[in-house]
2 protein chains.
Amino acid sequence: MTRPTIHDVARVAGVSLSTVDRVLNDREGVRDKTRSRVLDAIGDLGFERNLAAANLSRGRRYRLCFILPDGQNSFMRALEQDVAEEAAAALRDFTVIETRKVPAFDAGALADLLRSLDPEAVDGVALVATDATVVRIAVRELRARGIAVVTLVSDLPGSEKQGFVGIDNVQAGRTAGSLLGRFCRGRAGRIAMVCGSMLVRDHAERRLGFEQVLRTEFPEQSLIAPIEGLDDKDRVRNQLAEKLAADPGIVGVYSMGAGNRGVAEALAALQPERHVSVVVHELTRYSREALLDGSFDAVLHQNSRSEVQGAIQLLRNLLDGQNPPPQVEPIRVEIYMRDNLP
Amino acid sequence: MTRPTIHDVARVAGVSLSTVDRVLNDREGVRDKTRSRVLDAIGDLGFERNLAAANLSRGRRYRLCFILPDGQNSFMRALEQDVAEEAAAALRDFTVIETRKVPAFDAGALADLLRSLDPEAVDGVALVATDATVVRIAVRELRARGIAVVTLVSDLPGSEKQGFVGIDNVQAGRTAGSLLGRFCRGRAGRIAMVCGSMLVRDHAERRLGFEQVLRTEFPEQSLIAPIEGLDDKDRVRNQLAEKLAADPGIVGVYSMGAGNRGVAEALAALQPERHVSVVVHELTRYSREALLDGSFDAVLHQNSRSEVQGAIQLLRNLLDGQNPPPQVEPIRVEIYMRDNLP
DNA sequence: ATGAAAGCGCTAACAT
DNA sequence: ATGTTAGCGCTTTCAT
């Protein structure tokens, strides 16, 4: 009923505590024969090291660095706030978290920052990735210096990052398509898409999923080429208003990036009897208002708080050297409508 | 940079370690004056006790008991499975979890089991509550014996339970209404409801939320009195098939309990050109199939794995005597459609 | 290559 | 009412 300790292992293997410790921590200076005796004892006893005791003894501290894009994007600012709050809580678990900001979409600046990280001062990094080769290279160098790396919200496929914490954006797009298709059922027409920029990986993935579903499941709707709003509300408003005015057959709008205030404004300008169903991303003050006044039908959301917690947990697990690296629960795409707002 | 320890507190307060310990753990035998000197030192230093070290020292173990309803309900069986898996993982954190099953809907049996729990053997209990006075009394007795109690999935309002881990069922019902109302837009008619039993609190709450939204937001639809299917697929199938045949104006179905196989079967029997939108609860093998073949439009789901993890965390926090008891992230109502199945 | 002993922050006898 | 001391399970010098 009481767990075996290294004392038990040492006794059964007929060695001292230090030798057991050497084996456990893969340190050298143990003969192969001794090592295997110890390993046998560990196996026989079903020994599992007490991580809390180990950390206490070595005075372990986890020094993490979160790297976020700077700028006015309200989702990113919420994320920053969540990091700050979780950082306070993490202190109790001997985890100190520092936040760094880099200009949005600036791969060079991000890579420079990554390169400047000193393994003497940082054990692990969580970054909102910009999808570029310089960043991949910088990540590889970080890993080479022994720093753990995970991506957050925006992934960096093909890099040496050890994990990703965020939503599956293709699936998010599929979900949007599934909802909007159903909302527009019986009103065949055209559906407009708004994105930040097709160069942003997340948006490209969302579009992919969205189009997949609409083409196969709701062929009565046709899609018009996406508006690139650059996450700027004025630009979004102007371009979308123009399209809506030019084409009275537009029955639905899917906005996959930021700048949702612009979408709401463009819709508000329509004649009241025209019904356009709308699905957007990220629950903010503005999208919330738009849900409540009926101009948006659904908002897809990712819980940034859970993402931060997930990244912290994943980094700590990586640093504890657990293998296989235990997966954290995947982040779900949440769906909000007027009637289930939190 | 290095956290203060009880040594620092003792030094600053000019007392011994034991006195600091007595103050920290609210033990008696400390003069008020001494106590306040210690408390001052703690405040000045910003001392926070190292829980890991404390637990190591006292050899703390958390002995938890999960109480689930017996029977064929596939959600509950999934829950049981999750408890088993989390129990294995929790062992590493010195948490031993025992699972007990009681006949479903049998308040007396549940109360008896609660009464039989020995504080010498159990520190905390998570129970799927049956809503009855005997259970409330048994919970009060548990608390009086010093056992921590939280409810899981199904709450027990008005009892002395210290927390609830599960979804907000009124909100779940509202979500269902919001979805189904939109899915049926343009096809005014009648909407049928299927529940397990109106005596089950969850189902009553879901109905409440559902009707709220339909009445206010989708008044073009009228609601017909719910079918009580007692979570039995055959009963559900027969009664629903009858209603659907009798009333060709039924355009939507909301099933808020178990027995979804019966719903799917009743729908399959309809003429292929008749379109009925369907929203049900709990993602299982069967509801999943029905989503894929197009007979269900959406499934509302609660993540039982998260619920189990939340209950474990909440109980441990309660037993650690944190105050105020830190809330765990609320469990979200997840929405699945054909195109975002996990 | 292996072992002995001190100590991480805290608790729990056992003194005084 | 307060202090001393020996651990909890593990790591880490420093010996041998």
Side-chain angles (χ1 to χ4, degrees), chain A residues 1-42 45-62 91-95 123 319-322, chain B residues 1-42 45-62 91-95 123 319-322:
Chain A
M1 209 55 234
T2 172
R3 266 164 67 156
T5 74
I6 48 170
H7 287 92
D8 302 314
V9 175
R11 190 171 26 76
V12 170
V15 299
S16 75
L17 295 183
S18 335
T19 301
V20 176
D21 183 69
R22 289 184 184 102
V23 173
L24 276 178
N25 294 291
D26 270 324
R27 280 188 271 265
E28 53 189 16
V30 186
R31 270 192 317 204
D32 278 1
K33 237 177 58 186
T34 319
R35 154 166 280 112
S36 59
R37 260 196 302 149
V38 172
L39 289 175
D40 286 350
I42 289 177
L45 291 169
F47 168 86
E48 277 195 81
R49 72 130 60 64
N50 179 337
L51 239 184
N55 284 346
L56 172 60
S57 170
R58 59 173 85 165
R60 184 122 176 53
R61 317 179 47 155
Y62 303 83
L91 268 183
R92 257 171 293 180
D93 299 319
F94 296 88
T95 304
D123 302 308
L319 294 171
D320 285 340
Q322 313 232 6
Chain B
M1 208 58 230
T2 170
R3 267 165 66 154
T5 73
I6 47 171
H7 288 91
D8 303 312
V9 176
R11 189 171 29 74
V12 170
V15 299
S16 75
L17 294 183
S18 341
T19 301
V20 176
D21 183 68
R22 287 184 186 102
V23 173
L24 276 177
N25 294 290
D26 270 324
R27 279 189 271 266
E28 53 189 17
V30 187
R31 267 192 318 201
D32 278 1
K33 237 177 56 185
T34 320
R35 154 167 282 114
S36 60
R37 259 196 303 148
V38 172
L39 290 175
D40 286 350
I42 290 177
L45 291 168
F47 168 86
E48 278 196 78
R49 67 125 70 60
N50 180 336
L51 238 184
N55 284 347
L56 173 60
S57 170
R58 62 173 95 173
R60 185 129 179 45
R61 316 179 52 159
Y62 303 83
L91 268 183
R92 256 170 295 179
D93 300 320
F94 297 88
T95 304
D123 302 308
L319 294 171
D320 285 340
Q322 313 231 5

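Computed over heavy atoms, backbone and side chain alike; hydrogens, waters and symmetry mates excluded. Below, chain A is the first sequence line, B the second, and so on; all start at residue 1. This one's a predicted model, so the numbers in the text were calculated from it and none came from an experiment.
Of the candidate nucleotides C:dA1, D:dT11, D:dC10, D:dT11 has the atom lying nearest to any side-chain atom of A:Asp21. Listed nucleotides: C:dT11, D:dC10, C:dA13. Nearest to the side chain of A:Arg49: D:dC10. Nearest nucleotide to the B:Arg31 side chain, out of D:dT2, C:dA12, C:dC8: D:dT2. The side chain of A:Thr19 lies closest to C:dT2, out of D:dC10, D:dT2, C:dT2. Side chain of A:Ser16, nearest nucleotide from C:dA13, C:dG3, D:dG9: C:dG3. Comparing D:dT2, C:dG9, C:dG7 against the side chain of B:Val30 picks out D:dT2 as the nearest. Candidate nucleotides C:dA12, C:dG9, C:dG3 were compared by shortest atom distance to the side chain of B:Ser18, and C:dA12 ranks first. Checked against C:dT11, C:dC14, D:dT11, the side chain of A:Ile6 finds its nearest nucleotide in D:dT11.
In this structure, B:Asp8 atom CG and C:dC8 atom C1' are separated by 13 Å, rounded to whole Å. The distance between atom CZ of B:Arg58 and atom P of C:dG9, rounded to the nearest whole Å, is 17 Å. A straight line from CG of A:Asn50 to P of D:dC10 spans 5 Å, rounded to a whole angstrom. One interatomic measurement links the two molecules: CD of B:Glu28 to P of C:dA12, which rounds to 15 Å at whole-angstrom precision. C:dA12 atom C1' lies 15 Å from atom CG of B:Asn55, rounded to whole Å. As a whole-Å value, the separation of A:Arg11 CZ from C:dG3 P is 15 Å. Across the protein-nucleic acid pair, A:Leu17 atom CG and D:dT13 atom C1' stand 14 Å apart, rounded to whole Å. Computed from coordinates, the A:His7 NE2 to D:dG7 P distance equals 11 Å when rounded to whole Å.
Using a 4.0 Å cut-off between charged side-chain N and carboxylate O, B:Arg27 and B:Asp21 make a salt bridge. At a threshold of 4.0 Å, the pair A:Arg37-A:Asp40 does not count as salt-bridged, since none of the basic side-chain nitrogens sits closer than that to a carboxylate oxygen. Look at B:Glu48 and A:Arg92 and you find a salt bridge, because one of the NZ, NE, NH1 or NH2 atoms lies within 4.0 Å of a carboxylate O, short of that distance.
Nearest-nucleotide mapping onto DNA chain D: of B:Arg37 and B:Ser57, the residue sitting toward the 5' end is B:Arg37. Of the residues near DNA chain D, B:Val15 and B:Leu56, the one whose nearest nucleotide (by heavy atom distance) lies more toward the 5' end is B:Val15.
Here A:Gly29 lies in heavy-atom contact (under 4.0 Å) with a base. Heavy atoms of B:Phe94 sit nowhere under 4.0 angstrom from any nucleic acid atom.
Proximity of B:Arg27 to the phosphate of C:dT11: no side-chain N or O atom is located under 4.0 Å from OP1 or OP2. In terms of phosphate contacts, B:Arg22 brings no side-chain nitrogen or oxygen within less than 4.0 Å of OP1 or OP2 of D:dT2. Phosphate proximity of D:dT2 to B:Thr34: present, with a side-chain N or O under 4.0 Å from OP1 or OP2. Put simply, B:Asn25 has a side-chain N or O that comes within less than 4.0 Å of OP1 or OP2 on C:dT11.
Side chain of B:Arg60 to main chain of B:Asp320: no donor-acceptor pair is present (N/O by atom type, distance under 3.5 Å, no hydrogens or angles).
Between B:Val9 and B:Leu45 there is a side-chain heavy-atom pair separated by less than 4.5 Å.
Looking at A:Asp8, A:Leu24, A:Val20, A:Val12 one by one, the single match for side-chain contact (heavy atoms from CB on, under 4.5 Å) with A:Phe47 turns out to be A:Leu24.
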